[in-house]
Asks: 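A single structure is presented below for examination.
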Amino acid sequence: MSEPTATAFKPKSQFLQVLQERGYIHQCTDLEALDKAASEGVVTAYVGYDCTADSLHIGHLISIMMLRWLQKTGHRPITLMGGGTTKVGDPTDKDKQRPLLTDAQIASNMASIQTTFGKFLSFGAAPTDAVMVNNADWLEKLGYVEFLRDYGVHFTINRMLTFDSVKLRLEREQPLTFLEFNYMLMQATDYLELSRRYGCVLQMGGSDQWGNIINGVELVRRVDAKPAYGLTTPLLMTSSGQKMGKSLGGAVWLNADRLSPYDYWQVWRNTEDADVGKFLRLFTELPLEECDRLAALPGAQINEAKKVLADEATTLLHGREAAEAARAAADKAFEHGVLSEDLPTLEVDRAALEAGIPVANLVVDAGLASSRSDARRLAQGGGLRVNNDPVTDGAQLLSLSDLTPEGVIKLAAGKKKIVLIKPI
RNA sequence: GGGGGAAUGUCCCGAGUGGCAAAGGGGGGGGACUGUAAAUCCCCUGGCGUACGCCUUCGUAGGUUCGAGUCCUACUUCCCCCA
């Protein structure tokens, strides 16, 4: 088991070439062997996703892009939904045990998440068509004794205690239940199951999943003596050291009903200068030379590169049309100070507005503040604007007379978050 | 099994003599400066109310007290020592 840093190695397979050139590879159990497999035939690889929320977020995107490249270079991607493992909960990076979700919640989350994959991968029955599976299908059938005898024998407590997910919890003196302790075994059996069902030889994931992935690789090798590889991506951090995945007041969701295409576009538009090249390579499919050229634009010109990044990334998720609308709306709002229909909009009852609604209420309803107190503080801090005029009193009433000629009220929290209020 | 310690602002770390909405960080939000960037500086960061104010918070549940994060009892979880 080695952990090469993937810089010296020159892959022959198109798949690994792309991954390496574009910066997707952090660690791999055996790059050379995997490269050989990928150049000799169709490789089946999978990534597992939790069903703890009803939408994936930007942190998942890097692995989705890898699956996309996998498919584009002639291989078969599997998206594994953690219908079974979600019931246990991955202890990685968590201090406290998560509340257990009900079957209904998990099923509904899963259905909602699945729509995202369809945008990046093509599913079907052809050799390189993507496959979607749910690990509840096999995990729930396992009997306890059978599970212990078939899989439990291959794991030592000594080894499990050395994994970061476990070690961290213990070091921080947080409880780790036996239930959660079993998560890594369950994830390992996923790999074995996929190896048997689909001849899957590769599991990919974020670097925090390295320990879990290794377990699966070893299990497949020990039990079935089949080839199994693991590959992880670097943890996404912005150049200034922040976790990528939060921006403009919350998680960056991939489902449009959680985060509008406009806001999604904004997330990319607000990329730090130093990250532009990296993000272009990871989250767009532009040729490398173009990524490098854009990232090298001097001074304020780099903003053009950010727009391209935003266009391309948004197109992949929401389509070209939505991306262009987002760009046009942003262009009007930021560069010409003009309103656009495509800005996020909150519809309110015309009669209620006629009677007058406190700004603070609208700010909360529009999702620009978490509570009325929060909204009031925003106003007091000078961050709240109505139709471009600062409003410092959260109690101020807005009514029909505040409508612009376009028939809306423009509500802005800070310089970047804008919501239109529209009476209906 | 016996003994000693610990759990704090529902993001994290972390002070806290019985009068505390509770120090200080980090993170997050806003403002200034810029290029919708970074760095820097300033402000805010439990909820409700226009407001003197009211309500809810310090592992859980009770108790003592005019008053409890702070004292007592039981329970839960974690750490340490002895067996």
Side-chain angles (χ1 to χ4, degrees), chain A residues 57 59 91 93-99 166-181 237-252 262-280 294-311 314 326-338 340 343 356-361 363-364 366-385 388 390-397 411-418:
Chain A
H57 56 75
D93 198 35
K94 301 281 186 315
D95 272 347
K96 292 165 188 150
Q97 187 180 357
R98 281 192 283 231
V166 172
K167 226 166 41 180
L168 276 174
R169 199 68 93 73
L170 296 180
E171 275 167 11
R172 303 182 73 161
E173 304 179 7
Q174 298 294 331
L176 176 72
T177 63
F178 185 66
L179 175 78
E180 297 169 282
F181 195 52
M237 303 274 267
T238 67
S239 290
S240 42
Q242 304 300 318
K243 276 172 296 215
M244 171 102 191
K246 290 250 176 187
S247 184
L248 271 74
V252 180
Y262 171 82
D263 286 324
Y264 188 74
W265 194 91
Q266 282 299 314
V267 169
W268 296 107
R269 172 63 249 263
N270 284 296
T271 298
E272 291 177 26
D273 288 7
D275 292 324
V276 171
K278 182 166 75 180
F279 288 180
L280 281 167
L294 287 167
L297 290 174
Q301 283 181 50
I302 190 110
N303 284 328
E304 289 311 311
K306 294 182 189 181
K307 289 180 196 170
V308 173
L309 170 64
D311 282 347
T314 306
R327 179 179 190 147
D331 193 55
K332 284 189 198 167
F334 287 101
E335 297 183 21
H336 303 288
V338 181
S340 163
L343 290 168
I357 305 175
V359 221
N361 289 19
V363 170
V364 173
L368 297 174
S370 58
S371 68
R372 302 201 54 217
S373 301
D374 196 28
R376 225 173 283 130
R377 282 191 290 265
L378 176 71
Q380 275 160 15
L384 178 62
R385 276 163 232 264
N388 301 327
V391 170
T392 51
D393 180 9
Q396 183 173 322
L397 293 180
L411 217 55
K415 298 224 158 75
K416 297 178 186 173
K417 290 181 284 188
I418 303 169

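Protein chains get the first letters and strands the later ones, always in sequence-line order, with residue 1 at the start of each.
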Asks: Measure the CG-CG distance between Leu309(A) and Leu280(A) for me, rounded to the nearest 0.5 Å.
Replies: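 Taking CG in Leu309(A) and CG in Leu280(A), the distance rounds to 5.0 Å.
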
Asks: With rounding to the nearest 0.5 angstrom, report the CG to NZ distance, Leu378(A) to Lys417(A).
Replies: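 Going from CG on Leu378(A) over to NZ on Lys417(A), the span is 7.5 Å.
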
Asks: For nucleotides U57(B) and A68(B), find the distance between their P atoms and express it as a whole number of Å.
Replies: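 So the two P atoms sit 12 Å from each other.
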
Asks: Would you say G35(B) has OP1 or OP2 under 4.0 Å from some side-chain N or O of Lys306(A)?
Replies: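 The answer is no; no side-chain N or O of Lys306(A) sits under 4.0 Å from OP1 or OP2.
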
Asks: If the C1' atom of G14(B) is compared with that of U8(B), how far apart are they to the nearest Å?
Replies: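 About 9 Å, rounded to a whole number of Å.
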
Asks: Any idea if C20(B) is syn or anti, going by the 90°-from-0 cut?
Replies: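 Syn for C20(B); the angle stays within 90° of 0.
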
Asks: Show, in sequence, the C-alpha distance, side-chain angles and deciding distance for Asp273(A) and Lys306(A), and conclude whether the side chain to side chain contact (heavy atoms under 4.5 Å, CB included) test is met.
Replies: CA-CA 8 Å; Asp273(A) 288 7; Lys306(A) 294 182 189 181; 2.8 Å; yes

Asks: How many angstroms lie between CZ in Phe334(A) and NZ in Lys416(A), if you round to the nearest 0.5 Å?
Replies: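 Result: 7.5 Å between the selected atoms.
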
Asks: Measure the spacing between NZ of Lys307(A) and CG of Asp331(A) and express it to the nearest 0.5 Å.
Replies: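 Spacing of NZ (Lys307(A)) from CG (Asp331(A)) equals 6.0 Å.
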
Asks: Taking the P atom of each, how far is U17(B) from G27(B), in whole Å?
Replies: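 Comparing P positions in U17(B) and G27(B) gives a spacing of 28 Å.
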
Asks: Under the side chain to side chain contact (heavy atoms under 4.5 Å, CB included) criterion, do Thr314(A) and Tyr262(A) qualify, and how do the steps go?
Replies: CA-CA 9 Å; Thr314(A) 306; Tyr262(A) 171 82; over 6 Å; no

Asks: Write down the distance between CD1 (Ile418(A)) and P (U36(B)), rounded to a whole number of angstrom.
Replies: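 Roughly 13 Å, once rounded to whole Å.
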
Asks: Find the partner of C54(B): check Watson-Crick (N1-N3 plus N6-O4 or O6-N4) and G-U wobble (N1-O2, O6-N3) distances, both under 3.5 Å, and reply none if neither fits.
Replies: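 The base-pairing partner of C54(B), which may sit in any strand shown, is G47(B).
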
Asks: Considering only atom C1', compute the distance from C20(B) to G26(B) and round it to an integer number of Å.
Replies: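 C20(B) and G26(B) have their C1' atoms separated by 23 Å.
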
Asks: Once you apply the 3.5 Å cut-off to both distances, tell me the Watson-Crick or G-U wobble partner of G1(B), or none.
Replies: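 Looking at the geometry, G1(B) pairs with C82(B).
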
Asks: Going by purine N1 to pyrimidine N3 plus the second Watson-Crick contact, or the G-U wobble pair, all under 3.5 Å, which nucleotide sits opposite U10(B)?
Replies: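 Pairing partner, where one exists within any strand: none, as none qualifies.
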
Asks: How many whole angstroms separate atom CG of Asp273(A) from atom P of G35(B)?
Replies: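 The answer, rounded to whole Å, is 12 Å.
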
Asks: Could you give the distance from CZ (Arg377(A)) to OG (Ser371(A)), rounded to the nearest 0.5 Å?
Replies: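 That separation rounds to 5.5 Å.
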
Asks: As a quick check of understanding, evaluate side chain to side chain contact (heavy atoms under 4.5 Å, CB included) for Arg269(A) and Arg327(A), giving each step before the final call.
Replies: CA-CA 9 Å; Arg269(A) 172 63 249 263; Arg327(A) 179 179 190 147; over 6 Å; no

Asks: A side-chain contact here means heavy atoms from C-beta on lying under 4.5 Å apart; do Val359(A) and Leu411(A) qualify?
Replies: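 Answer yes - side chains close enough.
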
Asks: Under 3.5 Å between N/O atoms: give me all the protein pairs with nucleotides 54-57 of chain B, atom names plus distance.
Replies:
none

Asks: Distance check, C1' atoms only: U60(B) and C78(B), in whole angstrom units.
Replies: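 The answer is 15 Å between these two C1' atoms.
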
Asks: Could you tell me how far apart Arg376(A) (CZ) and G47(B) (P) are, to the nearest whole angstrom?
Replies: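 Result: 9 Å.
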
Asks: Distance check, P atoms only: G5(B) and A74(B), in whole angstrom units.
Replies: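 Going atom to atom, P in each nucleotide, I get 14 Å.
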
Asks: Does a side-chain N or O of Ser373(A) approach OP1 or OP2 of G46(B) to a distance below 4.0 Å, or not?
Replies: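 Answer no for this pair, as no side-chain N or O of Ser373(A) is under 4.0 Å from OP1 or OP2.
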
Asks: To the nearest Å, give me how far apart NZ (Lys416(A)) and C1' (G28(B)) are.
Replies: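 The answer, rounded to whole Å, is 14 Å.
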
Asks: For A68(B), what is the paired nucleotide under Watson-Crick or G-U wobble rules, both distances under 3.5 Å?
Replies: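 By the stated definition (distances under 3.5 Å), nothing pairs with A68(B).
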
Asks: Checking contacts here: which listed nucleotide (G30(B), C48(B), U36(B)) is nearest the side-chain heavy atoms of Arg372(A)?
Replies: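 Of all the options, the side chain of Arg372(A) is nearest to C48(B).
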
Asks: Is there a donor-acceptor contact under 3.5 Å linking the side chains of Ser370(A) and Asp374(A)?
Replies: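 Present: a donor and an acceptor within the cut-off.
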
Asks: Which residue, Ala395(A) or Ser371(A), contacts RNA chain B at a nucleotide closer to its 5' end, judged by nearest heavy atom?
Replies: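 The residue whose closest nucleotide sits nearer the 5' end is Ser371(A).
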
Asks: Arg377(A) has an atom CZ; how far is it from atom C1' of G49(B), in whole Å?
Replies: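 Arg377(A) atom CZ is separated from G49(B) atom C1' by 14 Å.
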
Asks: Could you identify the nucleotide paired to C41(B), looking across every strand shown and requiring Watson-Crick or G-U wobble geometry with both distances under 3.5 Å?
Replies: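 Looking at the geometry, C41(B) pairs with G31(B).
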
Asks: Looking only at atom P, what distance separates C58(B) and U70(B), rounded to whole Å?
Replies: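 Taking atom P in both C58(B) and U70(B), they lie 9 Å apart.
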
Asks: For Asp393(A) and for Ile302(A), locate the closest nucleotide of RNA chain B by heavy-atom distance; then report the residue assigned to the nucleotide nearer the 5' terminus.
Replies: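 Its nearest nucleotide being more 5', the pick is Ile302(A).
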
Asks: Between N or O atoms, less than 3.5 Å apart, protein on one side and nucleotides 31-34 of chain B on the other: list the pairs.
Replies:
from	atom 1	to	atom 2	distance (Å)
A32(B)	OP2	Lys415(A)	NZ	2.2

Asks: Measure CZ/Arg269(A) against P/A38(B) and give the value in whole Å, please.
Replies: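 Atom CZ in Arg269(A) sits about 11 Å away from atom P in A38(B).
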
Asks: Expressed as a whole number of Å, how far does the C1' atom of A7(B) sit from that of A15(B)?
Replies: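 Looking at atom C1' only, A7(B) and A15(B) are 15 Å apart.
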
Asks: Under a 3.5 Å limit for both distances, which nucleotide forms a Watson-Crick or G-U wobble pair with A21(B), could you say?
Replies: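 WC or wobble partner does not exist here.
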
Asks: Kindly indicate, with the supporting measurements, whether the criterion side chain to side chain contact (heavy atoms under 4.5 Å, CB included) is fulfilled by Leu294(A) and Glu304(A).
Replies: CA-CA 8 Å; Leu294(A) 287 167; Glu304(A) 289 311 311; 5.8 Å; no

Asks: A39(B) P sits how many Å from Asp275(A) CG, rounded?
Replies: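 Between P of A39(B) and CG of Asp275(A): 11 Å.
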
Asks: Taking atom CG of Asn388(A) and atom CD1 of Ile418(A), what is their separation to the nearest 0.5 Å?
Replies: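 One gets 8.0 Å once the value is rounded to the nearest 0.5 Å.
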
Asks: Round to the nearest Å and state the distance from Lys278(A) atom NZ to A37(B) atom C1'.
Replies: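 So the NZ-C1' distance, Lys278(A) to A37(B), works out to 15 Å.
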
